[in-house]
There are 2 protein chains.
Amino acid sequence: MSRVGSDRARPTRQILPLALTPLVEGDLATYFEGLANPTRLHIVERLAQVKEARVSDVAMLLGISQPRMSWHLRLLRRAGLVLTRREGREVFCRLDRTSIAENLSAFTALLAGDGQPGLAESRLGPAETINPPSPRHGVERSLPEVI
Amino acid sequence: MSRVGSDRARPTRQILPLALTPLVEGDLATYFEGLANPTRLHIVERLAQVKEARVSDVAMLLGISQPRMSWHLRLLRRAGLVLTRREGREVFCRLDRTSIAENLSAFTALLAGDGQPGLAESRLGPAETINPPSPRHGVERSLPEVI
DNA sequence: ACCTTTATGAAAGAAGTCTTTAAGTGAGCA
DNA sequence: TGCTCACTTAAAGACTTCTTTCATAAAGGT
């Protein structure tokens, strides 16, 4: 996409006036971008097992260089997946479980079909009986306690 | 990444022998890649509201060209987010809610710290009392019913 | 002050994503 | 058979992401 700023820069949000921004999709896309890479998923996996760890320890354990670790850490922070904290000359990172939970439940809300139905019933295919008739059939808003 | 094959091609899985593949990270990264783009999130959002819809209807509603729709549909299929079905000369698409739920719970399992602890307790930071002491503190394996 | 350790930043190049235009495929209809 | 509709695929180019190498900053020990 476009964002190149210094960490908290978001593409869509930054340009459009607040009232017109899609909001949800922009933020969620940034969030999932943080997870859309094997290296970053490895980092997340490690941090999930260990609560908090020194940046260089994680880098060494995953066998990646220091600048590379730093790059991915930046994306992870921007995505709201990881928090970092300086202590002396070391930096510790850990999962931002609150933000993670918020984004996940925003996503499940999206899956549940929240928002205006758009091309609702009128634009359904001919053979339209795949799912049994239920007001909003599938996804449920369970999971808000995923932290 | 690398995958360019004809839709179901996955990078890591395809090359390494089955027993040695990282599995989780590779698949999850592909899955999240499908969600890491505003256009695709819009498609997913629409499909969540409507169960099933003609490809061209979704494209028109989102104001994107047909090839562009097709491109994103391919990534969505590869990510296990969307299923398509041909009927006559029209193609209908819908969310693959089973696959979505599987991937989401794989992710929450990862967040819960499943797998060997790696650099576990020995590598924790000095001021280590951010979270109250609980066996595996945060994320819970709730959500398997997210379809 | 100097030196060491650790983290971040910048630049450059390879690789990947995304979009458009144009061509190809499959299914229905004349 | 030919024509049209509804999609998919190919090719090319613009733009991003990712990685490496080199340089800078920040903190602490000597």
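So that the names make sense, note that chain A is the first sequence line, chain B the second, and so on, each numbered from 1.
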Novice: Can you tell me how far P of dT19(D) sits from NE2 of H72(A), to the nearest Å?
Specialist: 4 Å

Novice: How long is the span from the CD atom in Q49(B) to the CG atom in L95(B), to the nearest 0.5 Å?
Specialist: 10.0 Å

Novice: Compare the minimum distances between each of dC18(C), dT20(D), dT8(D) and the side chain of R68(A), then state the nucleotide with the smallest one.
Specialist: dT20(D)

Novice: Which part of the nucleic acid, if any, lies within contact of S70(B), taking any heavy atom under 4.0 Å across all strands shown: a base, the sugar-phosphate backbone alone, or nothing?
Specialist: base

Novice: How close or far is atom P of dC18(C) from atom CD1 of I64(B), stated in whole angstroms?
Specialist: 12 Å

Novice: Do M69(A) and V55(A) have side-chain heavy atoms sitting under 4.5 Å apart?
Specialist: yes

Novice: From CH2 of W71(B) over to C1' of dA6(D), roughly how many Å is that when rounded to an integer?
Specialist: 21 Å

Novice: Tell me: CE of M69(B) to P of dT19(C), nearest whole Å?
Specialist: 12 Å

Novice: By side chain to side chain contact (heavy atoms under 4.5 Å, CB included), which residues pair with S70(B), not counting sequence neighbours?
Specialist: none

Novice: Which whole-number value in Å describes the distance from F92(A) CZ to dA7(C) P?
Specialist: 9 Å

Novice: Distance from T108(B) atom OG1 to I100(A) atom CD1, nearest 0.5 Å?
Specialist: 11.5 Å

Novice: Which of these nucleotides, dT17(C), dC18(D), dT20(D), is closest to any side-chain atom of L75(A)?
Specialist: dC18(D)

Novice: Check whether any side-chain N or O of S65(A) sits under 4.0 Å from OP1 or OP2 of dT19(D), and answer yes or no.
Specialist: no

Novice: Of the options dA6(D), dT19(D), dT17(C), whose atoms approach the side-chain atoms of R54(B) most closely?
Specialist: dA6(D)

Novice: What integer distance in Å separates M60(A):CE from dA7(C):C1'?
Specialist: 15 Å

Novice: Mind telling me whether F32(A) and F32(B) have parallel, tilted or perpendicular rings, with 30° and 60° as the class edges?
Specialist: parallel

Novice: Mind calculating the distance between CG (N37(B)) and P (dT17(C)) to the nearest angstrom?
Specialist: 11 Å

Novice: Are there any protein N/O atoms within less than 3.5 Å of an N/O atom in nucleotides 22-29 of chain D, and if so, which ones and at what distance?
Specialist:
none

Novice: Using side chain to side chain contact (heavy atoms under 4.5 Å, CB included) as the criterion, list what pairs up with R89(A), not counting sequence neighbours.
Specialist: none

Novice: Nearest whole Å is fine: how far is dA10(D) P from R74(B) CZ?
Specialist: 7 Å

Novice: For the CD atom of E52(B) and the OG1 atom of T84(B), what is their distance to the nearest 0.5 Å?
Specialist: 10.0 Å

